[in-house]
Structures are given as structure tokens and as C-alpha cells.
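Count residues from 1 along the sequence. Values below: all heavy atoms of this structure, side chains included; hydrogens, waters and symmetry mates excluded. This one's a predicted model, so the numbers in the text were calculated from it and none came from an experiment.
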Amino acid sequence: EIRSGKDLEDGEKFTVEGYLIFTDEKEDGSEVEVMSILTTDKKVYSFQSSTFRRSIEEIWGVMEGKPFTAVKTSGKTRAGRDYINCYLDTDGLI
């Protein structure tokens with residue numbers, strides 16, 4: 001079962017075990033880049049947000065590919081569009 005990243009509540013923590021990026025072809029023939037993350041409790045969340053994707057990739061690099069816990073956030077851009085993002089949960093780090 002794949003869930004949308006938007007289904008995560010703001011402030012909800014999730015531990016990323018891995019991720020993949022793929023191109024999804026829509027019914028109208030257009031293509032969109034999608035990231036799916038696998039959590040340590042074997043849930044999969046997918047999203048198109050480039051902001052969220054960039055954050056996951058940056059944290060993954062800092063953590064050198066080791067599982068990490070992130071916290072989901074969201075908001076509105078200055079143009080009024082909704083976005084989702086995340087940040088590293090530093091509470092569990094040594």
C-alpha cells in the first residue's frame with residue numbers, strides 16, 4: 001500500500017530506510033518525477049514535491065545512507081501554493 005506524503009501529519013516522525021526516484025507517466029502522456037520512501041516499519045510514501053525530495057536526498061547524504069528519522073512539515077508558498085517538506089529529527093542522534 002503506497003500512501004501520499006501529504007497523508008503524513010505535520011510534526012509526524014518517520015524513519016527512512018531507503019528511497020527511489022522514478023518517472024511516472026500520466027494518462028494524458030505527460031511525465032512527472034516521483035520519489036517513494038520506505039520507512040523502517042515498511043510503509044511507503046510517495047510524492048512529487050521537489051522540496052521534500054531535495055530534503056530527503058540531502059539528509060540521506062549527511063547520514064551516509066544510514067536510516068534516519070525525519071519530521072514532516074508543510075506550508076504555503078508566497079504564491080499561495082501548498083508544499084510539503086521535512087527536516088532531520090535530531091532528538092535521536094548521538
Original post:
Above 12 or not: heavy atoms from other molecules or residues under 6.0 Å from CD of Glu9?
Top reply: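 No, not enclosed.
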Original post:
Atom CD1 of Ile2 and atom CG of Asp7: how far apart are they, to the nearest 0.5 Å?
Top reply: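 Output value for this atom pair is 12.0 Å.
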Subject >> CD-OH distance between Glu12 and Tyr45, expressed to the nearest 0.5 angstrom >> reply: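 Here the rounded value is 5.5 Å.
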Subject >> For Tyr87, ring-ring contact (aromatic ring centres under 6.0 Å, His included) partners two or more places apart >> reply: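 ring-ring contact (aromatic ring centres under 6.0 Å, His included) check on Tyr87 returns nothing, list empty.
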Please output the side-chain donor-acceptor pairs of residues 46-57 that fall under 3.5 Å, not counting sequence neighbours, one pair per line with the distance.
| from | atom 1 | to | atom 2 | distance (Å) |
| --- | --- | --- | --- | --- |
| Ser46 | OG | Ser36 | OG | 2.4 |
| Ser49 | OG | Thr51 | N | 3.4 |
| Ser49 | OG | Phe52 | N | 3.0 |
| Ser49 | OG | Ile84 | O | 3.1 |
| Arg53 | NH1 | Glu33 | OE1 | 3.0 |
| Ser55 | OG | Thr51 | O | 3.2 |
| Ser55 | OG | Asn85 | OD1 | 2.6 |

Original post:
If you group Ile, Leu, Val, Met, Phe, Trp and Tyr by side-chain heavy-atom gaps below 4.5 Å, do Leu38 and Val34 land in one group?
Top reply: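 Not linked; separate clusters.
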Which pairs of donor and acceptor atoms, one on a side chain in residues 61-72, lie under 3.5 Å apart (sequence neighbours left out)?
| from | atom 1 | to | atom 2 | distance (Å) |
| --- | --- | --- | --- | --- |
| Thr69 | OG1 | Thr15 | OG1 | 2.8 |
| Lys72 | NZ | Leu8 | O | 3.0 |
| Lys72 | NZ | Asp10 | OD1 | 3.1 |

Original post:
Do NZ/NE/NH1/NH2 and the carboxylate oxygens of Lys13 and Asp91 come within less than 4.0 Å?
Top reply: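 Looking at Asp91 together with Lys13, the answer is yes, because their closest N to O distance falls below 4.0 Å.
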For [X] against [Y], the heavy-atom pair lying closest together:
X	Y	answer
Cys86	Thr73	N-OG1, 4.0 Å
Tyr83	Lys76	CE2-N, 3.4 Å
Glu17	Trp60	O-CH2, 3.3 Å

